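In what follows, a single structure is set out as structure tokens and then discussed.
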Amino acid sequence: MFSTVSRYAFPKLRLFLPYYTLSSVLPSLPYSLNRYFSVHSHSSNPNNIHDAVASFNRLLHLRPLPSVVQFNKILGSIVKMKHYPTAISLSSRAESKGITPSLVFMNILINCYSHVGRMYFAFSVLGKIFKMGHQPDTITLNTLMKGLCHNKMVGEALSFRDEVIAKGFLLDAVSYGTLMNGLCKAGKTRAAIILLPKPKIERLGIKPDIFIYNIIIDGLCKDGLITEARDLFSEMIKRGVRPDIVTYNSLIHGFCSMSQWKDAYELLNEMIRKNIKPDVCTYSILIDAFGKEGRITEAQAIFAVMVKWNEKPNVITFTALMDGYCLTNNVNESKEVFNRMVKSGLSPNVISYSILIDGLCKSKMVDEAMDVFKEMRHKKMVPDIVTYTCLIDGLCKSGRTSYVQDLIYEMHDSIQLPNVITYNVLLDALCKRQHLDEATKLFKQIVDRGIQPNVYTYTILIDGMCKGGRLNKAKEIFQHLLLKGYPLNVHSYTSMISGLCKEGLLDEAMALLYKMEENGCLPNLITLETILRGLIEKNENDKAKKFLLEMADRGLLKK
DNA sequence: TTAGGGTTAG
């Protein structure tokens with residue numbers, strides 16, 4: 001089963017130089033990049049991009065050649081349409097026809113290279129700026145920092161900031177917003193906050209603005225540090241920075257995801273009182289939050305309210321509602337929402353399709369899920385790692401493993417390499433079929449490929465070993481994780497407890513129950529039911545009764 | 001600068 005997983009070696013491409021310094025950048029650019037970047041457009045609005053390219057080419061044939069400013073204007077519009085490879089290719093044509101690049105021209109180019117992940121080339125352009133006798137401006141530096149952040153090189157972005165400051169270049173609030181955003185998105189909110197209040201930043205003449213506060217507040221909310229986010233919210237008001245719709249949306253989202261509904265409502269009322277109208281993002285947040293709580297009626301009601309108030313739902317709103325229906329096992333209604341979205345003139349994206357595929361799989365409608373997957377292909381929509389993982393899980397759980405291998409091949413071909421969740425799905429399939437040697441082999445592969453197993457991976461493995469009669473192996477893995485202080489969750493403990501009960505080792509199971517509480521993990525109804533069943537199966541009826549009373553006394557029997 | 005998707009225990 002799944003022998004194909006190991007067929008491909010994982011490529012270790014070095015896409016970028018690992019570190020950049022101002023003095024080490026290359027002076028010139030490779031000009032013939034057409035072989036790297038296709039100029040063909042995938043725009044949903046091909047006329048515009050074609051018009052832009054045509055105008056650019058017309059300019060190139062005029063004599064005398066128009067000023068570089070004219071070319072910059074068109075390049076700028078192409079960048080707005082996100083056709084970065086096209087802009088790169090056109091800029092090199094312009095240079096070969098004799099246009100002397102200006103600083104703006106090169107800034108645009110740096111932005112394009114950053115967007116296509118070619119930071120090496122972006123820094124080459126910086127070298128060229130110096131070579132041509134220009135000085136980079138704040139926009140050049142900010143674009144490079146943004147590129148580094150977007151390409152997962154936040155550490156390099158920070159070093160770059162230190163280096164440019166040391167060399168006397170000026171940074172502004174946008175530079176700091178960019179860096180903080182990069183840090184927050186990389187899960188380093190703390191590091192971002194360190195940049196905030198220091199006199200360092202104010203000495204540079206930079207006052208934290210609404211962007212900076214919003215970035216940090218959002219980062220704190222996403223880390224679940226909602227109290228700190230609210231404190232910063234008060235602080236910004238004290239400092240005379242007025243919160244806007246983005247601030248409120250981040251906070252409302254933060255409160256909703258912590259199920260603090262009352263606080264979310266209070267904020268919603270507060271923003272309305274301050275004449276800040278909820279936007280499509282606010283409504284989507286609420287629809288999503290209600291949907292995730294299984295409160296689909298409320299989600300529906302919010303959807304109706306936004307339509308009544310003339311706020312147009314977008315793909316995200318519809319998709320959040322679809323997800324809500326799927327989570328309440330109503331995939332047919334989810335399909336309806338999908339169709340309504342199409343009818344309203346919106347194009348479902350890869351996330352909408354993945355939710356539908358997952359919903360169908362979870363309702364055991366795997367054939368229909370496959371049809372939707374084919375429809376995606378037909379519409380030239382590229383499935384991503386989540387789409388594949390949902391479908392693979394559905395196929396595995398319905399025993400259709402022959403298709404799974406094809407999908408894994410396809411993932412490799414489309415460079416959507418399986419991640420830890422995909423592997424968890426495969427590992428679970430092997431464990432559930434009690435192919436434990438293969439599961440062990442797959443686990444080794446995961447580690448060998450440098451993929452970090454997560455708590456799901458370990459739980460699947462422990463559960464598989466317990467159910468497949470390899471209790472000692474399960475205990476060995478479990479003990480190892482406990483000793484390491486690995487943060488196991490209620491699922492992991494319950495699997496191990498279940499394994500112990502199955503072998504009649506009730507004392508050990510009870511000991512583990514107390515151990516988990518000691519480790520700050522509360523048992524839930526499933527854990528307790530598992531132990532109770534173990535006691536009853538061993539005819540320990542008195543103990544079972546005593547256990548039940550004790551748990552009831554402690555209030556653990558509430559859902 | 002804000003909103004949407006996938007994996008585990010009964």
Side-chain angles (χ1 to χ4, degrees), chain A residues 174 177-178 180-181 184-185 209-219 221-222 244-254 256-257 278-289 291-292 313-324 326-327 348-359 361-362 384-394 396-397 418-429 431-432 453-464 466-467 488-499 501 523-533:
Chain A
V174 178
T178 304
M180 288 173 176
N181 191 35
C184 288
K185 296 288 178 297
D209 59 6
I210 180 75
F211 276 72
I212 287 179
Y213 279 112
N214 284 349
I215 286 161
I216 305 283
I217 285 174
D218 188 62
C221 288
K222 295 232 164 58
D244 64 3
I245 180 77
V246 177
T247 330
Y248 280 103
N249 284 345
S250 289
L251 282 166
I252 290 172
H253 187 221
C256 285
S257 47
D279 64 359
V280 59
C281 187
T282 325
Y283 289 113
S284 302
I285 288 167
L286 294 171
I287 290 169
D288 174 61
K292 288 218 168 46
N314 62 16
V315 175
I316 297 181
T317 328
F318 276 108
T319 304
L321 190 60
M322 280 177 65
D323 192 36
C326 284
L327 293 170
N349 62 17
V350 64
I351 301 182
S352 329
Y353 274 102
S354 298
I355 287 175
L356 189 56
I357 288 173
D358 190 48
C361 286
K362 296 231 161 47
D384 65 11
I385 197 158
V386 179
T387 327
Y388 281 111
T389 304
C390 292
L391 196 56
I392 289 173
D393 191 38
C396 284
K397 291 206 164 74
N419 65 9
V420 64
I421 305 184
T422 324
Y423 280 113
N424 287 346
V425 163
L426 296 173
L427 194 67
D428 188 54
C431 285
K432 291 281 190 305
N454 63 17
V455 67
Y456 287 83
T457 324
Y458 291 121
T459 306
I460 290 165
L461 206 55
I462 289 163
D463 193 64
C466 286
K467 294 207 167 62
L488 294 163
N489 64 20
V490 62
H491 289 262
S492 334
Y493 281 102
T494 306
S495 285
M496 194 64 241
I497 285 173
S498 167
C501 288
N524 63 16
L525 281 182
I526 299 173
T527 326
L528 302 178
E529 193 196 321
T530 305
I531 292 201
L532 201 59
R533 192 172 321 118

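Keep in mind it's a predicted model, so treat the numbers as computed, not measured. So that the names make sense, note that chain A is the first sequence line, chain B the second, and so on, each numbered from 1.
Here A:T459 pairs with A:S492 under the side chain to side chain donor-acceptor pair (under 3.5 Å) rule; sequence neighbours left out. Applying the ring-ring contact (aromatic ring centres under 6.0 Å, His included) criterion to A:Y388, with sequence neighbours excluded, gives A:F373. Residues passing the side chain to side chain donor-acceptor pair (under 3.5 Å) test with A:N214 are A:D244, A:T247, sequence neighbours excluded. Listed by chain and residue number, A:K432 satisfy the side chain to side chain donor-acceptor pair (under 3.5 Å) test with A:D428 (two or more places apart in sequence, or in another chain). By the side chain to side chain donor-acceptor pair (under 3.5 Å) test, A:D288 pairs with A:K292, sequence neighbours left out.
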(request) Any chance you could list the contact pattern along nucleotides 2-7 of chain B? Use B for base contacts, S for sugar-phosphate-only contacts and - for none, protein heavy atoms under 4.0 Å, 5' to 3'. (result) BBBBBB
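Taking atom CD1 of residue A:I215 and atom C1' of nucleotide B:dT1, one finds them 5 Å apart after rounding to whole Å.
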